[in-house]
Structures are given as structure tokens and as C-alpha cells.
Amino acid sequence: MSFSTARSAAVLAVALAAFTVSCDAEPAAPPATSASSASSVSAGSAPSSSPSPSGALPDPENLPPEKVRDAFAGLQATLDDACTPGNCAYFLGRVHDELHRLDRAMKADPKGPGHFPEPIGLIAELDGKLGGDRSFENLKKHQTALIGTRDKINTWMQGHPDDYR
């Protein structure tokens, strides 16, 4: 009787192992369907969570606002970088983007935009100089104003540590 119990346990263990493996594995091909059910499947029934074919990132203007401290950390990350021949376009574009990320965060902060008048005003002044043109040529032309705005905001924020800690 003991041999029969051991044999049954072994068969059960093998069956469970096979079932577990089959649950984790993806089928090699989709299961066969009848012609009538295959014709009822629409061509555009791809899952909505699949990545877009272009692989494009979402527009930062449409992202939900973040905390001022997180946006300020992004701006501070540009402090040790510079406009060098290999990365000037990237650097200037990033400083511009980080300033606007911080601007959105300050305007959405629970303390209200009135709590951050100087940084918001500095960014608005910079935007007036840029005239809505964020091309590399225009950012390069206004590089001094762009970097100066970043540095002035950094100094202002350092004087208001409760706003970014």
C-alpha cells in the first residue's frame, strides 16, 4: 500500500508541475477558432496599453503638475552642466524645459502662485525675450538671459528652503 501512495504522490507532483509550467508559458500560436468567430474580430482590437508606434513621449505641458521641490531638483541638476560644442542644444533646451517645469509646479502649488512671485515673474520675463521660439538658435541667442534666469531662481529658492524641502 505504501508503494501505491508514493506512486500517486509522484503522479500528482508531476501533474502539478506540468500545470504550473503551462500556466506561465505563453502559447506558441493562438488557439484555433472557427471561421465565423474569426471574422467577428475587428482589425483594430489592439490593447489600449500597447506603446505607440512612434514611441513618442507625452507632451510635458499636458502632464499633471508636480511638487515644487521635485521640479526645483530638476533645475538644480543643470547647475553643473554647460553649453559645450557636443551638448549645447541639449543643455539650453533642458534649462528651458526645467524652468517651465518649475513654473507649472509653482503655479499649481497649494500655496498659490502668489507665493512665488519672483521666480514666476523671471520666467515670464524670459518668455517675453524668447517670443515663444524655443529653437536652438533662439535659445543660443538668449543664452545669457536663460542661464541668468536659472541662476536668479536658484538663488531665490535657496533663500526659501521651506518651499523645496
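Along the sequence shown, the residues carry numbers beginning at 1. What's counted below: heavy atoms across the whole structure, side chains too, no hydrogens, waters or symmetry copies.
- Checked by atom type and distance alone, the side chain of Asn138 pairs as donor or acceptor with a backbone atom of Leu130 at under 3.5 Å.
- Remark: Asn154 CG to Phe72 CZ distance equals 4.5 Å, nearest 0.5 Å.
- The CZ atom of Arg150 sits 12.0 Å away from atom CG of Leu126, with the distance rounded to the nearest 0.5 Å.
- Between Ala71 and Glu66, the shortest heavy-atom contact is N-OE1, 4.1 Å.
- Atom NE2 of His115 is separated from atom NE2 of His160 by 6.5 Å, given to the nearest 0.5 angstrom.
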For side-chain contact (heavy atoms from CB on, under 4.5 Å), just list the numbers for Gln158 and Thr155, CA-CA rounded to whole Å, side-chain angles, deciding distance to a tenth of an Å, and then say yes or no. CA-CA 5 Å; Gln158 294 296 333; Thr155 300; 5.7 Å; no
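- At a cut-off of 3.5 Å, with distance as the only test, a side-chain donor of Thr84 or Asn87 sits close to an acceptor on the other residue.
- Here the shortest heavy-atom pairing between Asp103 and Ile123 reads CB-CD1, 3.6 Å.
- The distance from atom CG of Asp127 to atom NE2 of His142, rounded to the nearest 0.5 Å, is 11.5 Å.
- Comment: Arg101 engages Glu98 in a salt bridge, judged by a side-chain N to carboxylate O separation of less than 4.0 angstrom.
- Looking at heavy atoms from C-beta onward, Met157 lies out of side-chain contact with Leu75 at the 4.5 angstrom threshold.
- Qualifying ring-ring contact (aromatic ring centres under 6.0 Å, His included) partners for His96, counting only residues two or more places apart in sequence or in other chains: His100.
- Here NZ of Lys141 is found 14.5 Å from CG of Leu92. Values are rounded to the nearest 0.5 Å.
- Within the 4.5 Å cutoff, the side chain of Gln143 has no heavy atoms near those of the Leu146 side chain.
- For the pair Pro119 and Met106, the minimum side-chain heavy-atom distance is below 4.5 Å.
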Yes or no on side-chain contact (heavy atoms from CB on, under 4.5 Å) for Ser135 and Lys140, after CA distance, side-chain angles and deciding distance? CA-CA 8 Å; Ser135 68; Lys140 182 70 175 156; over 6 Å; no
Could you go through the side-chain contact (heavy atoms from CB on, under 4.5 Å) check for Thr78 and Ile147 one step at a time? CA-CA 10 Å; Thr78 69; Ile147 302 305; over 6 Å; no
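- Between Val95 and Thr149, every side-chain heavy-atom pair lies at or beyond the 4.5 Å cut-off.
- With sequence neighbours left out, Thr144 forms a side chain to side chain donor-acceptor pair (under 3.5 Å) with no residue at all.
- Considering CZ of Phe116 and NZ of Lys107, their distance stands at 12.5 Å, rounded to 0.5 Å.
- Within a 6.0 Å radius of CZ in Phe136, other residues, nucleotides and ligands contribute more than 12 heavy atoms.
- The shortest non-hydrogen separation linking Gly74 to Arg94 is O-NH2, 3.7 Å.
- Pairing each heavy atom of Val68 with each of Asp109, the nearest pair is CG2-OD1, 3.6 Å.
- Ion pairing of Lys129 with Glu125 is present here, as a side-chain N (NZ or NE/NH1/NH2) and a carboxylate O approach within less than 4.0 Å.
- Residues Arg134 and Asp97 are in side-chain contact: their nearest non-hydrogen atoms beyond the backbone lie under 4.5 Å apart.
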